[in-house]
Trainee: 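Sharing a structure here in C-alpha cells format.
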Amino acid sequence: MAQLTDVTFDRCDLRGSDFKDATMRDCRFLNCDVGTDALGGHTEFGDTDLSTVKFVNCRGR
C-alpha cells in the first residue's frame, strides 16, 4: 500500500517484489529486472494503475 510519486528505480533487482495496492504516479523503472526470482516468485503489480509509469530496458516484463 505504498504511495510512490516521481520515483526512479535504476538498475534494481525487483524480482519477487510486491507492488499490489501501491499508488504509483510518474515513476520510472530503468534497466530493472522485474521477472521471476530464484524461488519462483514473480514481481506483482496486481491492479495497480501503471498508466503514468515508464518501463525502459527492463527484463521480465
Side-chain angles (χ1 to χ4, degrees):
M1 294 179 36
Q3 299 214 6
L4 304 169
T5 301
D6 196 29
V7 175
T8 299
F9 296 92
D10 190 6
R11 290 179 255 171
C12 296
D13 184 348
L14 299 169
R15 296 175 294 172
S17 297
D18 187 347
F19 291 99
K20 291 183 299 210
D21 300 319
T23 301
M24 303 180 90
R25 303 268 187 270
D26 301 317
C27 295
R28 292 157 304 283
F29 290 80
L30 310 175
N31 306 298
C32 294
D33 195 339
V34 293
T36 305
D37 65 18
L39 299 175
H42 302 281
T43 306
E44 297 286 343
F45 290 99
D47 292 330
T48 300
D49 180 3
L50 300 175
S51 63
T52 64
V53 175
K54 293 183 183 179
F55 292 89
V56 179
N57 294 323
C58 292
R59 293 167 297 289
R61 174 107 173 103

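Numbering starts at 1 and runs along the sequence shown.
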Trainee: Within a strict 4.5 Å, meaning less than it, do heavy atoms of the Asn57 and Leu30 side chains meet?
Mentor: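 Side chain of Asn57 against side chain of Leu30, heavy atoms only: no contact under 4.5 Å found.
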Trainee: Can you measure from OG1 (Thr5) to CZ (Arg25) and round to the nearest 0.5 angstrom?
Mentor: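 If we round to the nearest 0.5 Å, Thr5:OG1 and Arg25:CZ are 7.5 Å apart.
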Trainee: Which atom pair, heavy atoms only, marks the closest approach of Cys58 to Asn31?
Mentor: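 Here Cys58 and Asn31 meet closest at SG-N, 4.2 Å.
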Trainee: Determine the minimum heavy-atom distance between Met24 and Thr52, stating which atoms define it.
Mentor: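 Taking every non-hydrogen atom into account, O-OG1, 3.7 Å.
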Trainee: With no hydrogens and no angle check, just 3.5 Å: does a side-chain donor-acceptor pair link Thr8 and Arg28?
Mentor: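 Checked: Thr8/Arg28 side chains pair up, N/O donor to acceptor below 3.5 Å.
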Trainee: What pairs with Asp49 under side chain to side chain donor-acceptor pair (under 3.5 Å), at least two apart in sequence or on another chain?
Mentor: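 Only Ser51 meet the side chain to side chain donor-acceptor pair (under 3.5 Å) criterion with Asp49.
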Trainee: Identify the heavy atoms of Cys32 and Asp10 that sit nearest to each other, and give their distance.
Mentor: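 That closest heavy-atom pairing would be SG-N, 4.3 Å.
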Trainee: Hey, what do you get for SG (Cys27) to CG (Asp6), rounding to the nearest 0.5 Å?
Mentor: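 Here the rounded value is 7.5 Å.
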Trainee: Test side-chain contact (heavy atoms from CB on, under 4.5 Å) on Phe29 and Leu14 and set out the steps.
Mentor: CA-CA 10 Å; Phe29 290 80; Leu14 299 169; 3.5 Å; yes
Trainee: What are the two closest non-hydrogen atoms of Thr48 and Phe19, and how far apart are they?
Mentor: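 Heavy atoms only, the tightest pair is OG1-O, 2.8 Å.
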Trainee: Salt bridge or not for Lys54 and Asp26, using N-O below 4.0 Å?
Mentor: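 No salt bridge links Lys54 with Asp26.
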Trainee: Sorted by first residue and then second, give each side chain to side chain donor-acceptor pair (under 3.5 Å) pair with at least one member in residues 14-24; sequence neighbours left out.
Mentor: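 Side chain to side chain donor-acceptor pair (under 3.5 Å) check on residues 14-24 returns Asp13-Arg15.
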